[in-house]
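I have placed the structure first, in the form of structure tokens, so that the comments after it can refer back to it.
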Amino acid sequence: MIAANTKWGRSAEALGLYRRMEREKVKPNDVTLLNVLAACACARDLETAERVVEHVKSNEIGFSTVLSAALMDVYCKCGQVLLARKIFDEMPERNLVCWNIMIKGHVEDSNYMEALNLFRKMQFRGIKADKVTMASLVLACAHLGALELGKWLHAYIKREGIETDVVLGTALVDMYAKCGSVNNAVNMFDEMPRRDVMTWTALIGGLATCGHGEKALQMFEEMRANGMKPDSVTFVGVLTACSHAGLVEEGRAHFDSMSALYGIQPTVEHYGCMMDLFGRAGDLEKAAELVRTMPVSPDYFVLGGLLGACRIHGNVAIAESTSRRLLELHPDHGGTYVLLSNIYSSMGKWDEAEGVRELMEERNVRKPPGCSMVEIDGEVHEFFVGDETHPRSPEIYAMVRDMIGRSREARGDVADRSEVPLCIPEEEK
DNA sequence: TTAGGGTTAG
């Protein structure tokens, strides 16, 4: 009963059954506890997992490889990666599943380098990776923006004859799109023999954020023509495509079709996209009105996005009311202060800008420095804003200068590329 | 009866 409930996504019922066993003093065996841990992993229930650990210890059941793996997975999913890693490091025997759980755990913890490190160790020990290992590693590359590494993983998958099923295929589509390689994402998508909603959604969202809004909407039409039903996440991609491509009316129509045609109720994410749609298009009043009237309360993303739009379009009034709300919600978030102060200073309101900086000082709020990662020759380098200590800094700044120059040229902002500063000016650090 | 992988707004 516990296994079946877990399998069908009813982890609360599964955990309820385990509590009932405890009450009725029915002794679980190792298989019961394994299933309970699987339910804990689904429900992110650390407390019950700790009760299972106590039970294993006090009843001389012992931690088999499988039971330890299940526990590691609970720890990873509950954000306790170090606890999982301790079990992993102390295990007398590790099979492929253990490695896969730990690699995914590090990826979820944003520790992509450690995930890739484990993959290296795995190869060193002669353990063959499978499609599950690869999906996690490809995801790590997607987060890092490590295109060359991602391409290498793709080649490795082909060379080792690892099956590219719909999950791994979707991960590759997503990785290529997140690394900005639209052609590779589309090619991967075309190559796949089977695609599901997530595959289509990954491509649509990827095209949208890479600046191919029209193509994303075209794929959305193709998706529907293929009889594939979009879900709530698909619409986030569709609305992103509209806002990035400046297609206000299309965006509005798609937003309305969500509930009318598909019975999908818009969530805060979708309202965020709509706010962005109006904000990017320069209609700050409409963006602000949407934030005022939306049926779900706007979160940090929505309000922060509105404040960002105010900076782009230089709207002080809406910026002030929005940052008031943001500062009430998150008084120790440095980004809000910096953004508001930059809005003031960009309009020559130096006293107000200084006032915000002083408030920040008073409240002892710090803004963590912005950080970028750049991949050169398959190696990922991390740079902080104004960082000149990295040995490859001059090269990176030259690249950034060139990129900014090109985008300004494309927008017609600056004709002469030499006007773009080589280093980030002191005051922006 | 038995552990692992993919899509989400500024």
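Residue numbering restarts at 1 for every chain, and letters A, B, ... go by the order of the sequence lines. Because only heavy atoms are used, hydrogens play no part in the values below, and waters and symmetry mates are left out as well, while side chains stay in. These numbers were taken from a predicted model, which means no experiment stands behind them.
For A:Phe88, the ring pair (Phe, Tyr, Trp, His ring centres under 6.0 Å) criterion is met by A:Trp99, not counting sequence neighbours. Evaluation of the ring pair (Phe, Tyr, Trp, His ring centres under 6.0 Å) rule for A:Tyr300 yields A:His330, A:His333 as partners, not counting sequence neighbours.
DNA chain B is contacted by A:Val31, A:Leu34, A:Asn35 of residues 28-62 of chain A, taking any non-hydrogen atom closer than 4.0 Å.
Residue pairs meeting the side-chain hydrogen bond (donor to acceptor under 3.5 Å, both in side chains) criterion with at least one member in residues 304-321 of chain A, sequence neighbours excluded: A:Glu320-A:Tyr344.
Between the side chain of A:Thr133 and the base of B:dG5 there is no donor-acceptor pair of N/O atoms closer than 3.5 Å.
Between B:dG5, B:dG10, B:dT8, one nucleotide has an atom nearer to the side chain of A:Tyr300 than all others, and that is B:dG10.
Look at CG on A:Leu118: it is 16 Å from P on B:dG5, rounded to the nearest Å. Taking atom NE2 on A:His143 and atom P on B:dG5, their separation rounds to 14 Å, with Å as the unit. Atom OH of A:Tyr156 and atom P of B:dG5 are 20 Å apart (whole Å). In this structure, A:Asp174 places its CG atom 7 Å from C1' of B:dT7, rounding to the nearest Å. Going from atom CD of A:Gln265 over to atom P of B:dT8 covers 22 Å, rounded to whole Å.
The phosphate of B:dG6 (OP1 or OP2) has no side-chain N or O of A:Lys131 nearer than 4.0 angstrom. Remark: A:Lys178 is not in phosphate contact with B:dG6, judged by side-chain N or O atoms under 4.0 Å from OP1 or OP2. The side chain of A:His244 places no N or O atom within less than 4.0 Å of a non-bridging phosphate oxygen (OP1 or OP2) of B:dA9.
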I'd like a table of donor-acceptor pairs (distance under 3.5 Å, sequence neighbours excluded) in which one partner is a side-chain atom from residues 252-261 of chain A, with atom names and distances.
{"from": "A:Arg252", "atom 1": "NH2", "to": "A:Glu249", "atom 2": "OE2", "distance (Å)": "3.3"}
{"from": "A:Ser257", "atom 1": "OG", "to": "A:His254", "atom 2": "O", "distance (Å)": "2.8"}

Under 3.5 Å, side-chain donor or acceptor atoms of residues 209-220 of chain A against the rest of the protein: list the pairs with distances, not counting sequence neighbours.
{"from": "A:Thr209", "atom 1": "OG1", "to": "A:Gly205", "atom 2": "O", "distance (Å)": "3.0"}
{"from": "A:Thr209", "atom 1": "OG1", "to": "A:Gly206", "atom 2": "O", "distance (Å)": "3.3"}

